[in-house]
Amino acid sequence: MGRMKQSKLFTKTRKDAPKDEVSKNAQLLLRAGYVHKEMAGVYSYLPLGFKVLKNIEAIVRDEMNMLGGQEGILSSLQDPDIWKKTGRWDGEADEVWLKTKLANDSELGLAFSHEEPWARVLSEHVSSYRDLPLYTYHFAPKFRNELRAKSGLMRGREFLMKDLYSFTKNEDDLNTFYEDVRVAYENIFRRVGIGNNTYFTYSSGGIFSKWSHEFQCVSDAGEDTIYIDTEKRIAINKEIYTDEVIQETGLEKDRLIEAKAIEVGNIFKLGTKYAEALGLTYKDEEGNENPVVMGSYGIGIGRLLGTVAEILSDEKGIVWPESIAPFKYHLVELSGGDEAVKERADALYQQMVERGIEVLYDDRDAHAGEKFADSDLMGIPYRIVVGKNSVGGVLEVVRRSTGETLSMSYDEVLGS
Ligand code: ATP
Ligand code: MG
């Protein structure tokens, strides 16, 4: 969908969001026709939303591939056996699972994460130190029995996650890769447009590692509280805001600023827990069998989309960065029944299509006010208006983010 006539787009905008929808990101995305709400915490993506999702996915995939990640996709239906081996079928993870049963009464899980399945897959393919390190990832749905689902796309009971897993011989190799992932994550958040608001944040670790790290995007809609050092661009999650972390990070308490934030991603050193439980081992140079050291690295793709909609919007609607917008241009025809104007707009659309330019063409028979309101709500980065007053040769292009008008020649637009 590099181009589209709005008269053919099946989704319609709406003035009001459903009454039960309290979060801004979901209100805007619902009103603009990007998503459909199935029930609390469950959203479907419609053509415009799907396009944004795919654009985010492409950026994340690009960064994962640069890390040497190998993409697959593991199943959503989960075999209880492997989760029992790690102690995550019952017990601590029990609250989060959505479980179901086959006709013969045997239990299945709906994936809430994928450490166990990936570890089992790898146990069938890794045998020697020569096979390591390796990195696998996928974009796969996750199902979680979340208690509260009041944050719109930022907290779903079904949501798309990119999860990357690292398999290394030892801790040193894990630490090296972990730092590479940190950089890749910073690239991702910059590329999707929230780099300035997003902080590398110390968070609770596990048995293996004292800390894990989150990428927290500052927003009043966030569910987390963090303490930020704006100069060093590092933060600490309230969960672990103790003397120890202050000492270790070298940050000074009375400079730190408290803020609400959205966890858009996290990175975690897992150690050998999963490998040991699932028999994922390799033979080292001396012929000794060792457990593989793992790390996991998640980004909620739907949450990221919701976060961008939430923090980059204004009172008129969404403001997509060009990198993930569903279209680059919103071509708005305001002919008011004047055939010559309509023909000019049609011709421009045709030329843009021929050049492969991403454009949504508002060719609907509607008033200017309605077209502009819809256009602002949808948040496409550049709006071109072709109306009675348009002068030949020059196009007035309005930048959605700032409202400024740029005069561009046909060649400039068609060459972009
Ligand atoms: P949270 O503390 O927000 O519940 P989490 O610690 O459970 O997050 P992980 O299990 O590590 O998160 O998942 C990795 C990433 O997936 C998170 O950083 C976040 O971006 C995303 N994510 C987690 N839960 C959800 C959810 N319910 N809806 C959408 N995205 C989510
Ligand atoms: Mg959670």
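Both counts, for ligands and for their atoms, begin at 1 and track the order of listing. All values below come from the heavy atoms of this structure, side chains included, with hydrogens, waters and symmetry mates left out.
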Name of the residue among D224, N197, T198 meeting side chain to side chain donor-acceptor pair (under 3.5 Å) with Q216:
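Answer to the side chain to side chain donor-acceptor pair (under 3.5 Å) test with Q216 among D224, N197, T198: D224.
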Taking the six-membered ring of [Y] (Phe, Tyr or Trp), confirm whether the NZ or CZ of [X] is under 6.0 Å from its centre and within 45° of its axis.
X    : Y    : result
K99  : W89  : yes
R383 : Y329 : no
K169 : Y282 : no

List the closest protein heavy-atom neighbour of [atom]: residue, atom name, distance to the nearest 0.1 Å.
atom                    : result
atom 7 (O) of ligand 1  : R144 NH1, 2.9 Å
atom 2 (O) of ligand 1  : E263 OE1, 3.5 Å
atom 19 (C) of ligand 1 : R303 NH1, 3.5 Å
atom 11 (O) of ligand 1 : N266 ND2, 2.6 Å

Hey, is CD on E95 packed in by over 12 heavy atoms from elsewhere, all under 6.0 Å?
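Open.
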Are there over 12 heavy-atom neighbours, none belonging to K253, within less than 6.0 Å of that residue's NZ?
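It does: K253 NZ has more than 12 such atoms within range.
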At a 4.0 Å threshold, what atoms of ligand 1 neighbour a non-hydrogen atom of [X]?
X    : answer
R155 : 1 (P), 3 (O), 4 (O), 26 (C), 27 (N), 28 (N)
V264 : 18 (O), 20 (O)
E146 : 24 (N), 26 (C), 27 (N)
G300 : 15 (C), 16 (O), 19 (C), 20 (O), 21 (C)

If the plane angle is over 60° it's perpendicular, under 30° parallel, otherwise tilted; pick one for F167 and Y165.
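Rings of F167 and Y165: tilted, 30 to 60°.
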Heavy-atom distance to atom 26 (C) of ligand 1: which of F159, Y43, F112, Y297 wins?
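Ranked by closest heavy atom to atom 26 (C) of ligand 1, first place is F159.
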Taking only non-hydrogen atoms of [X], do any sit less than 4.0 angstrom from ligand 1?
X    : answer
S113 : no
E223 : no
G302 : no

With a 4.0 Å heavy-atom cut-off (strictly under), which part of M154 contacts ligand 1: side chain, backbone, both or neither?
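The answer is the backbone.
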Mode of M161 contact toward ligand 1 - side chain, backbone, both, neither (heavy atoms, under 4.0 Å):
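It is the side chain that touches ligand 1; the backbone stays farther off.
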Are the side chain of N55 and the backbone N or O of I324 linked by a donor-acceptor pair below 3.5 Å?
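At least one qualifying donor-acceptor pair exists.
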Measure from the side-chain N and O atoms of R399 to the backbone N and O of S401, and report whether any donor-acceptor pair falls under 3.5 Å.
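Such a contact is absent between R399 side chain and S401 backbone.
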Is it the case that S219 and E310 place a side-chain donor and acceptor less than 3.5 Å from each other?
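There is no such pair between these side chains.
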Short N/O distance, under 3.5 Å, between G156 and ligand 1?
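Min N/O separation from ligand 1 is below 3.5 Å for G156.
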